[in-house]
Each structure stands twice: as C-alpha cells, then as structure tokens.
Amino acid sequence: MNTMFAAFLGGWEIVLILAVVLILFGAKKLPELAKGLGTGIKEFKKATREVSDEIHNAMDETSPPLTQKKLPPEGQTQPEPTVSQPSPTPKV
C-alpha cells in the first residue's frame with residue numbers, strides 16, 4: 001500500500017526537483033530544454049493524430065457487399081462440388 005503513495009509527488013518534492021534541474025543545467029539552458037520538450041510533445045501529438053485518422057479512414061472505406069449463396073428450393077439438394085487434383089508431372 002505504501003508503494004502506491006510513493007508515485008505521487010507533493011509540492012516540496014517538485015520544488016526540489018526544479019532546483020536540482022536549475023543547478024544542473026543553468027538558467028541559460030532551461031529555455032532551450034523547454035523548447036525542445038514542447039517540440040517533442042507537438043510531434044508526438046501530430047503522430048498520434050495521424051495514426052488515429054488513418055485508422056478512421058480505413059474503417060470508413062466501404063468493402064464490396066458480400067454475396068449470399070442462393071439456397072435451392074426445399075426438397076431439392078444441391079450437388080456437392082467436386083475437387084479435381086492435378087496429375088503428377090513426370091520427372092525428367
């Protein structure tokens with residue numbers, strides 16, 4: 001049960017993480033990192049939107065209607081189809 005609560009971050013934990021990031025990368029690098037992160041998120045959303053559009057388009061395409069077999073009138077039977085096998089070819 002305690003492991004479930006370990007995943008949630010409180011206010012002080014977030015402040016501490018931001019302070020460590022600021023110390024590691026410096027104030028000049030943070031805007032570049034944020035820009036790169038934003039670009040990555042935008043590309044990810046674009047890719048997921050393209051995939052979902054492709055799935056919807058594939059589902060919207062109409063397939064040719066299936067033809068149903070006509071059943072013979074009652075009392076009559078339809079002959080069974082025969083399957084012919086090719087004759088073996090002679091080896092040379």
Side-chain angles (χ1 to χ4, degrees):
M1 190 66 137
N2 290 338
T3 59
M4 187 173 145
F5 292 112
F8 299 114
L9 297 176
W12 287 110
E13 288 89 358
I14 293 174
V15 170
L16 181 65
I17 291 170
L18 290 175
V20 169
V21 169
L22 182 63
I23 291 170
L24 288 176
F25 294 108
K28 292 184 179 181
K29 282 285 191 183
L30 284 181
E32 293 174 22
L33 291 173
K35 182 179 178 183
L37 182 64
T39 304
I41 291 172
K42 188 190 319 181
E43 288 294 321
F44 179 76
K45 285 183 179 181
K46 180 182 174 186
T48 56
R49 185 173 44 248
E50 287 175 355
V51 169
S52 64
D53 288 345
E54 187 174 327
I55 290 171
H56 287 300
N57 289 340
M59 289 174 40
D60 289 341
E61 290 178 359
T62 57
S63 60
L66 297 175
T67 57
Q68 293 183 350
K69 280 184 164 181
K70 291 186 178 183
L71 296 176
E74 289 204 23
Q76 295 180 359
T77 59
Q78 191 171 7
E80 293 290 323
T82 58
V83 179
S84 63
Q85 295 181 353
S87 60
T89 56
K91 293 184 180 181
V92 179

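Quick caveat: nothing in here was measured; it's all calculated off a predicted structure. In this chain, residues are counted from 1 in sequence order. Excluded from the calculations below are hydrogen atoms, water molecules and symmetry mates; all remaining heavy atoms, backbone and side chain alike, are included.
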Cluster check L24, L33: I/L/V/M/F/W/Y, side chain < 4.5 angstrom
yes
When you group the ILVMFWY residues by side-chain heavy-atom contacts below 4.5 Å and let the links chain together, are V20 and W12 in the same group?
no
Does atom CD of E54 have more than 12 heavy-atom neighbours from other groups under 6.0 Å away?
no
Keeping the roles fixed (side chain from E32, backbone from K29), state whether a donor-acceptor pair exists under 3.5 Å.
no
Which value, rounded to the nearest 0.5 Å, describes the distance between [X] atom [atom1] and [Y] atom [atom2]?
X	Y	atom1	atom2	result
E43	K46	CD	NZ	5.5 Å
L18	I23	CG	CD1	11.0 Å
D53	D60	CG	CG	10.5 Å

